[in-house]
Protein chains: 2
Amino acid sequence: MAKAKTSDRTDAEKGMLVPTEFDDSIMWAAWLYYADQMTQSEIAKRLNVSRATIVNYLQEARERGIVSVHINPKAGNRTRVARALMDTFGLAGAFVIPDGDEQALVQRLGDAGARVLADQMEDGDTIGVAWGRTVLAVADQISLTRPVRNLTVVQVSGSSTGEADFSPELCTSILSNRIHARCVNLLAPAVLSTKALKALLLAEPVLLKQMDLVHSANRILFGVGDIGPKSTVRQAGIGEPEEIDDYVARGATAVIIGRFIDAHGGAVGGAHDERIVGITLDELKNIPSRICVAGGPSKIKAIIATLEADYVTHFITDMATAEALIAAAGTA
Amino acid sequence: MAKAKTSDRTDAEKGMLVPTEFDDSIMWAAWLYYADQMTQSEIAKRLNVSRATIVNYLQEARERGIVSVHINPKAGNRTRVARALMDTFGLAGAFVIPDGDEQALVQRLGDAGARVLADQMEDGDTIGVAWGRTVLAVADQISLTRPVRNLTVVQVSGSSTGEADFSPELCTSILSNRIHARCVNLLAPAVLSTKALKALLLAEPVLLKQMDLVHSANRILFGVGDIGPKSTVRQAGIGEPEEIDDYVARGATAVIIGRFIDAHGGAVGGAHDERIVGITLDELKNIPSRICVAGGPSKIKAIIATLEADYVTHFITDMATAEALIAAAGTA
DNA sequence: AGCAGAAGTTGACAAATGACAATATCGGCG
DNA sequence: CGCCGATATTGTCATTTGTCAACTTCTGCT
């Protein structure tokens with residue numbers, strides 16, 4: 001354990017009083033390789049180590065973010081499918097990843113979403129974060145490759161009670177941590193038992209302040225949930241099964257930012273909805289940059305509902321989903 | 001063949017109305033390779049082309065800036081020598097490239113400078129640009145890997161008459177062009193024949209406006225010139241040989257932004273200096289981010305003069321020069 | 001001091017990559 | 001219609017790179 005600690009310290013950028021020479025070698029190897037285009041053997045010779053060591057250095061340089069590969073999202077917007085999506089749904093940006101490993105779809109979408117978000121971030125941004133498997137995947141994989149100062153990450157809906165491994169708090173915490181942002185968690189349950197209690201709670205100074213931050217976010221990251229039997233909403237403990245069935249009976253087709261919408265994106269309100277703590281659909285539309293990451297055959301309808309109602313400015317999905325969306329929108 | 005058809009349809013389905021169809025394959029190859037870490041052979045199979053084609057796609061993706069490798073300048077600041085430089089000369093940032101091909105030193109420094117500058121740029125920046133071989137090398141190699149809007153590039157000293165291939169106009173034009181910035185060239189000669197004429201010219205509305213821009217720059221990029229017999233100043237036609245000799249006689253050790261400074265960075269003024277059109281040394285110090293790129297054995301003294309007088313906030317050099325600087329500063 | 005375990009390094013081999021000449025495809029144009 | 005030149009693609013081979021088990025060095029602990 002003690003040893004592991006030691007190595008951690010070496011890896012962690014801060015906390016080191018004296019920068020070891022070790023960092024230098026890694027930096028140099030990285031520069032000689034990626035900037036000067038020398039081969040690993042040449043670098044090995046110059047640094048007087050074996051080539052295998054250079055391989056390790058370069059690996060570490062990538063892991064530590066000393067070097068990183070940037071894929072231009074602007075170029076992503078120029079692909080045919082991305083354009084079609086943008087035209088069909090009036091999006092400001094779309095990024096479509098090629099089909100690949102089915103199993104890893106969420107991971108891969110997360111990677112793409114992370115790149116798009118990271119690319120957009122600017123000094124002083126306040127970034128709202130919803131929750132879900134996909135949002136977590138984004139949070140898990142985002143990383144800053146350039147200095148962006150003064151970021152705030154704010155959880156936009158109350159914390160869920162379910163023991164899901166993609167809770168709002170978790171998504172927010174991880175994301176903020178990875179980009180060195182101030183982290184603001186909403187200190188309230190996602191759903192309260194009465195409308196009155198919700199009003200009381202929201203009147204608390206702490207909550208007022210936090211909700212102010214939510215409303216001042218200039219970007220937001222969210223996914224799309226469907227309503228199927230195995231869907232996330234049903235697992236996340238947002239409401240009793242009957243309550244969700246009730247939503248469905250009244251036309252609910254998708255869930256975004258913890259709110260239910262019908263096939264055309266209209267809010268499906270009701271008593272339960274009024275007990276939810278979090279950003280509302282109307283408030284969502286006031287945020288300038290609304291980044292949505294979603295994909296998968298089971299979500300097509302839900303995504304169409306979301307996109308049609310203009311809840312999204314920047315959409316990230318996979319090829320198969322994109323084509324299904326375009327086809328479906330065409331026939332509609 | 002039938003298989004190939006399928007992929008062809010994806011690539012060039014409808015009429016070639018848009019030249020971007022082609023981008024799709026390149027974009028996909030780039031994504032699958034750099035984001036999904038697939039091997040070129042796997043990608044080739046999926047895209048139904050030969051692996052060699054994938055190699056080409058990836059090459060083009062890099063050339064077109066669809067993918068780019070970023071080397072974190074912050075990490076560069078952590079190397080031992082960079083730290084030593086920062087401590088010794090009170091710099092905000094230093095980037096030291098490892099020794100390499102002697103001949104290509106200017107190119108390699110240009111690459112490093114370009115990365116540092118590109119990394120710093122923010123929306124709305126106004127970037128002052130001096131001139132010289134090194135500055136040109138930066139301009140030649142800079143490229144935007146993320147969207148930065150509303151940039152202005154402004155030439156900070158008058159245009160030289162010499163036919164040098166690194167004139168102020170050229171440096172400014174190339175740099176602005178490569179980063180899609182507004183380009184403002186100073187429409188005046190570097191040196192006028194009388195102080196009075198200079199005053200007259202600078203009173204012109206056009207020039208007034210341009211000089212205002214110069215003074216409002218929030219970043220500046222410049223190199224360091226030495227005074228040796230083969231030095232740039234003597235070739236650039238900034239003044240008659242006698243005039244330059246006169247500067248030297250009065251202690252001139254280096255030239256930055258077209259102005260002469262002594263061994264401790266003090267301005268070496270005089271009649272000639274008063275006829276120069278361009279930013280002054282005092283004005284230089286008012287610019288928040290002052291990026292200086294310089295290296296090479298012949299420039300050690302000149303660089304020390306520059307660094308000691310706090311003209312620089314961010315300094316880019318090579319290992320050999322850095323070590324010489326630190327050694328020299330230690331003995332002084 | 002001596003030992004245990006982890007981190008760092010190495011050599012050797014298999015796999016992946018880059019280079020390039022040869023070949024195929026496409027869009028005019030006589 | 002067929003030929004031309006330009007552009008895109010491919011097969012092949014030498015080089016470069018990643019992997020992995022063995023080895024060395026270092027560190028903390030008894």
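By convention in this document, chain letters (A, B, ...) are assigned in the order of the sequence lines, proteins followed by strands, and residues within each chain are numbered from 1. FYI, side chains are in, hydrogens and waters are out, and symmetry mates aren't considered; it's all heavy atoms of this structure.
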Qualifying residue for side chain to side chain contact (heavy atoms under 4.5 Å, CB included) with Thr321(B), from Ile300(B), Ile326(B), Asp99(B):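 Exactly one option meets the side chain to side chain contact (heavy atoms under 4.5 Å, CB included) with Thr321(B), and it is Ile300(B).
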Distance check needed: [N] [atom2] versus [X] [atom1], whole Å only.
{"X": "Asn56(B)", "N": "dG11(D)", "atom1": "CG", "atom2": "P", "answer": "13 Å"}
{"X": "Ile54(B)", "N": "dA8(D)", "atom1": "CD1", "atom2": "C1'", "answer": "13 Å"}
{"X": "Met38(B)", "N": "dA15(C)", "atom1": "CE", "atom2": "C1'", "answer": "16 Å"}
{"X": "Arg51(B)", "N": "dG11(D)", "atom1": "CZ", "atom2": "C1'", "answer": "10 Å"}
{"X": "Leu32(B)", "N": "dA16(C)", "atom1": "CG", "atom2": "P", "answer": "16 Å"}
{"X": "Glu42(A)", "N": "dT15(D)", "atom1": "CD", "atom2": "C1'", "answer": "12 Å"}
{"X": "Lys45(A)", "N": "dT17(D)", "atom1": "NZ", "atom2": "P", "answer": "13 Å"}
{"X": "Glu63(A)", "N": "dG8(C)", "atom1": "CD", "atom2": "P", "answer": "12 Å"}

Between [X] and [N], is there a contact of a side-chain N or O with OP1 or OP2 at under 4.0 Å?
{"X": "Thr53(B)", "N": "dT10(D)", "value": "yes"}
{"X": "Tyr57(B)", "N": "dA8(D)", "value": "no"}
{"X": "Tyr33(A)", "N": "dT17(D)", "value": "yes"}
{"X": "Gln59(A)", "N": "dT19(D)", "value": "yes"}
{"X": "Gln40(B)", "N": "dG18(C)", "value": "yes"}

Check: Ala294(A) main-chain N/O paired with Thr317(A) side-chain donor or acceptor under 3.5 Å: yes
Expected output: side-chain Gln120(A) to main-chain Leu117(A) donor-acceptor under 3.5 Å: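 Here the side-chain-to-backbone pair does not exist.
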Touch class at under 4.0 angstrom, heavy-atom based, for Thr39(B) against every strand present: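 Sugar-phosphate, no base atom in range.
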Side-chain donor-acceptor contact under 3.5 Å, Asn72(A) with Arg64(B):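 The answer is no; no qualifying pair exists.
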Tyr57(A) and Arg62(A): side chain donor to acceptor below 3.5 Å: no
